[in-house]
Amino acid sequence: MTPVDLGVPRLRRSPSKDADAPRFATGALVDQHGRTARDLRVSLTDRCNLRCHYCMPPEGLPWLERSRVLDDEETIRLIQVAVRDLGVHEVRFTGGEPLLRKGLERIVAATTALRTDTGEPVRTSLTTNGIGLHRRAAALAEAGLTRVNVSLDTLRPDRFAEITRRDRLADVLAGISAAAAAGLAPVKVNAVLLRGTNDDEAADLLRWALEGGYRLRFIEQMPLDPHGTWRREDMITAEEILAALQAEFTLLPRPDSARGAAPAETWDVVGADGLLGDVGIIASVTRPFCGDCDRTRLTADGQVRTCLFSSTETDLRDAMRSGADDASLAATWRAAMWGKLPGHDIDDPAFLHPTRPMSAIGG
Ligand code: SAM
Ligand code: SF4
């Protein structure tokens with residue numbers, strides 16, 4: 001296994017394959033800090049049809065060469081290894097924009113045909129910007145997709161165009177309705193609030209989500225922008241979001257015990273007639289949840305990342321293309337996960353900004 005040099009100082013070395021081969025020959029994806037990865041995030045492309053300004057520059061990014069991106073068969077094979085040999089229970093497809101991937105329905109169908117080590121169907125979801133979802137929701141449901149997360153930061157067309165640099169709000173709203181109608185439920189909606197842009201919309205977004213039966217999740221903005229311009233003081237914190245929501249809604253916190261490995265802290269929203277729905281906040285920066293993290297990641301070019309913020313990656317693509325068998329790919333993946341760091345330390349002054357932006361890692 002060869003960690004890819006990302007041009008930043010390494011925080012760790014991946015374990016040596018030869019010395020550790022017997023240790024990583026069987027079992028689930030455990031790490032040295034007692035965590036087990038059951039949730040696989042698969043990025044299907046680094047490309048996108050929006051240009052959210054906190055994620056991508058107007059001209060886009062230097063896209064991965066096609067030949068470096070896993071094809072459908074290679075992607076399906078690595079997902080099979082993860083589920084069959086490594087104890088993964090849930091697979092989430094992301095990108096870039098995963099709806100740009102032509103083989104998406106095929107990859108979803110192959111994934112949902114797999115059974116976990118407890119004999120259950122694999123749970124699958126898609127994180128998408130929703131453009132074109134109205135045309136594909138039914139086929140994705142047919143392929144067995146369990147549900148979708150659609151990203152939507154504003155309900156105002158002018159702001160949508162400003163944030164994403166494309167005038168496509170109507171497409172996204174149509175995609176959300178179509179997903180719900182196709183049974184891809186519960187539809188979760190992810191929103192990032194940006195200071196001075198849409199930070200007055202927390203309550204409006206929640207009102208809209210409750211009316212539509214969608215589950216809204218706010219995400220604190222993380223230092224994953226391509227130009228490294230993120231500044232902590234610009235970020236809208238979980239505390240600010242909560243205060244804005246509490247000014248208009250009655251929120252009752254769900255007990256921490258109900259959270260499990262979920263990144264969102266969740267509140268029930270109650271009205272005079274009872275429960276209206278819920279709302280979550282993913283406070284990756286101010287309230288990190290690394291101790292409960294159960295995720296492993298595969299980039300579109302076949303690199304295992306143990307964390308969004310990793311400074312090393314482990315190459316499965318070249319191993320696979322050089323003839324590695326499934327047992328060897330699984331052992332390499334286990335060894336990579338064993339070295340997962342205890343936390344990302346975003347709030348530490350010594351924090352190193354990952355050299356790949358969010359869209360290239362898979363958000
Ligand atoms: N294109 C798809 C989408 O927008 O849902 C999938 C990929 S996108 C990178 C996944 C999620 O990451 C989106 O909800 C987006 O808002 C969020 N995101 C992107 N950059 C982020 C950042 N720097 N901090 C927090 N969330 C971010
Ligand atoms: Fe594209 Fe998603 Fe990034 Fe927006 S957040 S530019 S939709 S990858």
Side-chain angles (χ1 to χ4, degrees), residues 39 52-55 125 127 147-156 159-160 162-163 172 176 186-225 230-295 308-309 343-348 351 358 363:
D39 177 348
C52 305
H53 64 69
Y54 54 85
C55 182
S125 60
T127 299
R147 58 175 192 79
V148 292
N149 285 3
V150 182
S151 303
L152 178 63
D153 301 332
T154 175
L155 295 167
R156 304 189 194 179
R159 283 189 180 174
F160 186 93
E162 183 193 341
I163 294 170
V172 178
I176 292 172
V187 175
K188 289 192 181 172
V189 174
N190 294 340
V192 176
L193 294 182
L194 306 159
R195 198 172 296 287
T197 304
N198 63 343
D199 53 339
D200 56 352
E201 266 192 85
D204 289 349
L205 280 161
L206 181 54
R207 200 170 299 107
W208 166 83
L210 294 171
E211 279 166 14
Y214 312 128
R215 300 182 70 186
L216 181 63
R217 300 285 178 264
F218 291 98
I219 310 175
E220 279 182 346
Q221 191 188 357
M222 295 178 275
L224 286 165
D225 53 305
W230 178 91
R231 294 190 326 148
R232 195 187 190 290
E233 53 274 30
D234 291 341
M235 181 191 68
I236 304 291
T237 63
E239 206 178 329
E240 289 176 88
I241 298 166
L242 195 55
L245 296 176
Q246 283 172 328
E248 300 204 27
F249 295 94
T250 303
L251 304 184
L252 301 178
R254 294 240 179 104
D256 259 5
S257 54
R259 184 175 176 183
E265 284 176 76
T266 310
W267 288 260
D268 285 329
V269 187
V270 290
D273 298 328
L275 187 65
L276 302 175
D278 67 19
V279 64
I281 304 181
I282 302 178
S284 315
V285 180
T286 60
R287 301 180 201 171
F289 36 85
C290 303
D292 293 318
C293 179
D294 70 344
R295 277 168 283 292
L308 267 176
F309 298 96
H344 54 51
D345 297 330
I346 294 176
D347 256 357
D348 189 316
F351 171 75
M358 179 81 134

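Residue indices begin at 1 and follow the sequence shown.
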Considering non-hydrogen atoms only, spot the tightest contact between Glu220 and Val285 and give its length. OE1-N, 3.0 Å
Please list, chain by chain and in numerical order, all residues satisfying side chain to side chain contact (heavy atoms under 4.5 Å, CB included) with Leu276, sequence neighbours excluded. Leu210, Val269
To the nearest 0.5 angstrom, please state how far the CG atom of Leu251 sits from the CG atom of Leu245. 6.0 Å
Take Thr286 and Met235, measure what side-chain contact (heavy atoms from CB on, under 4.5 Å) needs, and give me the verdict at the end. CA-CA 10 Å; Thr286 60; Met235 181 191 68; 3.8 Å; yes
Heavy atoms only: give me the nearest Ala283-Ala238 pair and the separation to one decimal. CB-CB, 3.7 Å
Supply the atom-to-atom distance Cys52 SG to Ile163 CD1, rounded to the nearest 0.5 angstrom. 8.0 Å
How long is the span from the CG atom in Leu308 to the CE atom in Met222, to the nearest 0.5 Å? 5.5 Å
Take Arg217 and Thr266 through the test side-chain contact (heavy atoms from CB on, under 4.5 Å) and record every step on the way to the result. CA-CA 9 Å; Arg217 300 285 178 264; Thr266 310; 4.3 Å; yes
Quick one: list whatever passes side chain to side chain contact (heavy atoms under 4.5 Å, CB included) with Glu162, sequence neighbours left out. Thr197
Side chain to side chain contact (heavy atoms under 4.5 Å, CB included) partners of Glu239, counting only residues at least two apart: Thr237
When Phe218 is tested against each of Ile282, Asp153, Val192, Leu205 for side chain to side chain contact (heavy atoms under 4.5 Å, CB included), which residue passes? Leu205
Spatial distance of atom CG (Asp39) from atom CG (Asp294) [nearest 0.5 Å]: 5.0 Å
How would you list, by chain and number, every residue that makes a salt bridge (charged side-chain N to carboxylate O under 4.0 Å, His left out) with Asp200, sequence neighbours excluded? Arg159
Partners of Asn149 by side-chain hydrogen bond (donor to acceptor under 3.5 Å, both in side chains), sequence neighbours excluded? Arg147
Under the side chain to side chain contact (heavy atoms under 4.5 Å, CB included) test, residues paired with Asp199 that sit two or more places apart: Arg195, Ile236
Test side-chain hydrogen bond (donor to acceptor under 3.5 Å, both in side chains) applied to Glu233 - qualifying residues, sequence neighbours left out: Arg231
side-chain hydrogen bond (donor to acceptor under 3.5 Å, both in side chains): which pairs involve residues 206-215, sequence neighbours left out? Asp204-Arg207, Arg207-Glu248, Arg215-Asp278
Let me confirm one number: the CG-OH distance from Leu193 to Tyr54, rounded to the nearest 0.5 Å. 9.5 Å
Any chance you could measure Cys55, atom SG, to Gln221, atom CD, to the nearest 0.5 Å? 10.0 Å
For Ser284, which residues count as a side-chain hydrogen bond (donor to acceptor under 3.5 Å, both in side chains) partner, sequence neighbours excluded? none
Hey, mind stepping through Leu194 and His53 against side-chain contact (heavy atoms from CB on, under 4.5 Å) and telling me if it holds? CA-CA 10 Å; Leu194 306 159; His53 64 69; 4.2 Å; yes
